[in-house]
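Quick notes on the structure that follows.
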Amino acid sequence: MGLGAATPAVKRRALTRAALAITIAAGLALTGACDTGGGGGGDGDLTVGVLLPGGGASRFGRFDRPLLEKQLERQCPACPAPTIAATSDPAVQRQQLESLITRQVDVLILAAVDPQLLRPSVEAAHRAGIPVVAYDRLAQGPISGYVTFDGATVGRLQGEALLKALGTKAAGARIVMMNGATTDPNAGWFKRGALSVLDGKVRIGKSYDTVGWRPENAFADMTRAIAALGADHIDGVLAANDSLAGAVVAALKAAGAGPPPPITGQDADLPAVRRIVRGDQYMTVYKPFEPAAAAAARMAIALGRGETAGSLATRTVGNGTSEDIPAVLLPSVPVTVGDIKGTLVKDGMYTIGQICTPALRSACAKAGLTG
């Protein structure tokens, strides 16, 4: 099966899957209905598996999962409920993916924790005739489609916001870059986008690639940066997402620093929005998740029906296996304190009541976040 090409005949798919059946230990966190037996003959048999890199209070648990469920149901009302698994452990996610191959789902939506580790399983899905739509993060291997936000734009928006916050002091400013994990292709994309704006405009005192995107690692890296540079000599921090931004703020406070310098973020997490209101974080990048979920659902349903994804794509991307993967790259929105009401609140992501805790009442009033 070529990338973006129609899926193989149902008979071949069922035979190949049977040959690839893998015994997976019980207890994987898979939820939802999923028929077995190699569907694809009609929407009532079309089964979708969804693998996410986090659940619960994470962005993927709070927003992506329910939106994907809603969009899949909206675009294929006769389809069984999708099988959904969420974990931040790459080894567990690999087991979950292999379990979905064994269950003989018709199509997969995959937001990979570790694209390199998942590649053999993506290849196994390809051999089984199961198209894979990479979601949010570019998976390695023979995927059939990709839906994400334009990472270069995300990084550029962060860099532009940091320069704006630094103003006339930018030329002599020294910043710290708190990048994402090297195992995530998006992290390099964000980093390159930011550097396209920052190179030659500021001095980069320290730059870190945060192992596993883990806040505790970002906290340790920022603590080292403070020790090396001095808290009073850090004029800004390019943090790749809101979790890393929160760790940066915590490290500065632990070091007894004064008011934090401008700090960027991404994802518009509720704690980050509150930090922006409080003045601890300068900005975040808001990525409207519903259009992404809708695009992924459309692509998955089309591929599950044996159609191509090319007509749904806005461009193509490469991942080392192919240079012409059909892709949808969506725009993002920078959000500073003055933008919260007109973006996040207006779009229904959060209510003013959710943002404005009693401790933030005065800051919210100052920001215009009232009734």
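Identified under the side chain to side chain donor-acceptor pair (under 3.5 Å) test for residues 165-174, with sequence neighbours left out: none. The salt bridge (Lys or Arg N to Asp or Glu O under 4.0 Å) contacts involving residues 228-256 comprise K253-D280, where partners must be two or more places apart or lie in separate chains. Identified under the side chain to side chain donor-acceptor pair (under 3.5 Å) test for residues 287-300, with sequence neighbours left out: K70-E290, Q71-E290, Q266-K287, D267-K287. Here side chain to side chain donor-acceptor pair (under 3.5 Å) pairs that include residues 341-350, with residues two or more places apart or in two chains, are Y286-D347. Among residues at least two apart or in separate chains, there is no disulfide (SG to SG under 2.5 Å) pair with a member in residues 156-210. Applying the disulfide (SG to SG under 2.5 Å) definition to pairs two or more places apart or across chains, none involves residues 136-171. Among residues at least two apart or in separate chains, disulfide (SG to SG under 2.5 Å) pairs with a member in residues 339-371 are C356-C364. Counting only residues at least two apart or in different chains, disulfide (SG to SG under 2.5 Å) contacts with residues 310-351 are absent.
Closest non-hydrogen pair, S58 versus G55, comes out as OG-O, 2.9 Å. The two atoms that bring L117 and P120 nearest to each other are O-CD, 3.3 Å, heavy atoms only.
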### side-chain hydrogen bond (donor to acceptor under 3.5 Å, both in side chains) evaluation trace for S207 with N179
CA-CA 7 Å; S207 181; N179 309 299; 3.1 Å; yes

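E123 is linked by a salt bridge (Lys or Arg N to Asp or Glu O under 4.0 Å) to R119, counting only residues two or more places apart in sequence or in another chain. For the salt bridge (Lys or Arg N to Asp or Glu O under 4.0 Å) test, residues two or more places apart in sequence or in another chain that qualify with R137 are D184. With sequence neighbours left out, F289 forms a ring pair (Phe, Tyr, Trp, His ring centres under 6.0 Å) with F63.
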List the atom pairs, with distances to 0.1 Å, where a side-chain N or O of residues 155-164 and a protein N or O form a donor-acceptor pair under 3.5 Å, not counting sequence neighbours.
unit_1: R156; atom_1: NH1; unit_2: E160; atom_2: OE1; d: 3.3
unit_1: R156; atom_1: NH1; unit_2: E160; atom_2: OE2; d: 3.1
unit_1: Q158; atom_1: NE2; unit_2: A240; atom_2: O; d: 3.1
unit_1: Q158; atom_1: NE2; unit_2: G265; atom_2: O; d: 2.9

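Counting only N and O atoms by type, the side chains of D114 and T183 include no donor and acceptor under 3.5 Å apart.
Salt bridge status for K191 with D209: present, with a side-chain N to carboxylate O gap under 4.0 Å.
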